[in-house]
Amino acid sequence: MQGRLSAWLVKHGLVHSSLGFDYQGIETLQIKPEDWHSIAVILYVYGYNYLRSQCAYDVAPGGLLASVYHLTRIAYGIDQPEEVCIKVFAPRRNPRIPSVFWVWKSADFQERESYDMLGILYDNHPRLKRILMPESWIGWPLRKDYIAPNFYEIQDAH
């Protein structure tokens, strides 16, 4: 089933896939990494001026990684803001997705966390470095194929 935003994107010749609706009726779209930045700018201009959240997950062991964006269209005089969920899938071997930091500044720490936990590289992000793990940490802890080290350092334990 195609939603309102998907129909608008088709009308304007913008490539995407409709993934249907979630349990709250929010439309979910899949965008290819190479199309994501230009579509993000178009969505911002169209009125999706608020990035409510960005997260990422490992689809399956050895499979794709996904970066998920929850966008909200906030306008005066509207009681119920319009929302959309965008999923951008990247290959595990070289997971590169254009950063949307320059479109929505709130993507800053959220994209850094996705990089830190899953190793997704957000191209053109101004400060893409670890945010939760030490810089010396090896690997990506939230990947399903991650092997936890067999040691745990207990610091300052009393």
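Because the structure is a prediction, the values reported are computed rather than measured.
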Can Tyr146 be reached from Leu121 by stepping across I, L, V, M, F, W or Y side chains whose heavy atoms are under 4.5 Å apart? yes
Would you say that Cys55 contacts Met117 through its side chain, given a criterion of any heavy-atom pair below 4.5 Å between the two side chains? no
Listed once per pair and sorted, the side chain to side chain donor-acceptor pair (under 3.5 Å) pairs that draw on residues 14-25, sequence neighbours left out: Ser6-His16
Looking only at non-hydrogen atoms, find the nearest pair between Leu64 and Pro91 and report the distance. CD2-CA, 3.9 Å
Write out all pairs satisfying salt bridge (Lys or Arg N to Asp or Glu O under 4.0 Å) with one or both partners inside residues 89-108, taking only residues at least two apart or from two chains. Asp58-Arg92, Arg92-Asp145, Arg96-Asp123, Asp108-Arg127
Please step through side chain to side chain contact (heavy atoms under 4.5 Å, CB included) for the pair Gln2 and Val10, ending with a clear verdict. CA-CA 10 Å; Gln2 190 178 55; Val10 167; 3.3 Å; yes
Considering all heavy atoms of both residues, which atom of Leu118 and which atom of Trp140 are nearest to each other, and what is their separation? C-CB, 3.7 Å
Taking atom CG of Asn49 and atom OH of Tyr44, what is their separation to the nearest 0.5 Å? 6.0 Å
Partners meeting side chain to side chain contact (heavy atoms under 4.5 Å, CB included) with His37 (sequence neighbours left out): Val41, Pro98, Val103
For this output row, return yes or no: ring centroids of Tyr69 and Trp104 closer than 6.0 angstrom. no
Check whether any side-chain heavy atom of Leu19 lies under 4.5 Å from a side-chain heavy atom of Lys87, and answer yes or no. yes
Check whether Glu111 reaches the backbone of Tyr122 with its side chain - one donor and one acceptor, N or O, closer than 3.5 Å. no
With a 4.5 Å limit on heavy-atom distance, are the side chains of Val88 and Lys32 in contact? no
Just so I know, are the side chains of Tyr48 and Val84 near enough to count as touching, which here means a heavy-atom distance under 4.5 Å? yes
Give, for atom CG of Leu65 and atom CG of Leu142, the distance between the pair rounded to the nearest 0.5 Å. 10.5 Å
d(Ile31 CD1, Ser38 OG) to nearest 0.5 Å is 9.0 Å
Within this structure, what is the CD1-OG distance for the pair Ile120 and Ser99, rounded to the nearest 0.5 Å? 12.0 Å
Any side-chain heavy atom of Pro33 within less than 4.5 Å of one from Phe89? no
Would you say NZ of Lys144 has more than 12 non-hydrogen atoms from neighbouring residues, nucleotides or ligands within 6.0 angstrom? yes
Provide the closest heavy-atom pair for Arg130 versus Gly139 in the form atom of the first, atom of the second, distance. NH2-O, 2.8 Å
Quick one: do Ile97 and Leu14 end up in the same hydrophobic cluster if we chain Ile, Leu, Val, Met, Phe, Trp and Tyr together by side-chain heavy atoms under 4.5 Å apart? yes
Would Glu135 and Lys129 satisfy side chain to side chain contact (heavy atoms under 4.5 Å, CB included), going step by step from the backbone distance to the final call? CA-CA 8 Å; Glu135 285 291 328; Lys129 61 181 184 175; 3.7 Å; yes
Taking CZ in Phe109 as the centre, count heavy atoms belonging to other residues, nucleotides or ligands within less than 6.0 Å. Is the count above 12? no
Closest heavy-atom pair, Gly119 versus Pro95, reported as atoms and distance to 0.1 Å, is O-CG, 3.3 Å
Run the side chain to side chain contact (heavy atoms under 4.5 Å, CB included) test against Val15 and tell me which residues pass, sequence neighbours left out. Asp35
How many angstroms lie between atom CG of Leu29 and atom CD1 of Ile39, to the nearest 0.5 angstrom? 9.0 Å
Starting from the C-alpha separation in whole Å, work towards a yes-or-no answer on side chain to side chain donor-acceptor pair (under 3.5 Å) for Tyr57 and Ser67. CA-CA 7 Å; Tyr57 66 94; Ser67 187; over 6 Å; no
Basic-acidic side-chain contact under 4.0 Å: Arg52, Glu83: yes
Checking Asp116 side chain against Met133 main chain: does a donor-acceptor pair fall under 3.5 Å? yes
Pairing residues for Glu82 by the salt bridge (Lys or Arg N to Asp or Glu O under 4.0 Å) criterion, not counting sequence neighbours: Arg4, Arg73
When hydrophobic residues are tied together by side-chain contacts of less than 4.5 Å, even through go-betweens, does Val100 share a cluster with Ile131? yes
Could you measure the distance from the SG atom of Cys85 to the CD1 atom of Ile26? Nearest 0.5 Å is fine. 8.0 Å
Considering residues at least two apart in sequence or located in another chain, which fulfil the ring-ring contact (aromatic ring centres under 6.0 Å, His included) criterion with His125? Phe101
Min side-chain heavy-atom separation Trp36-Ile86 under 4.5 Å: yes
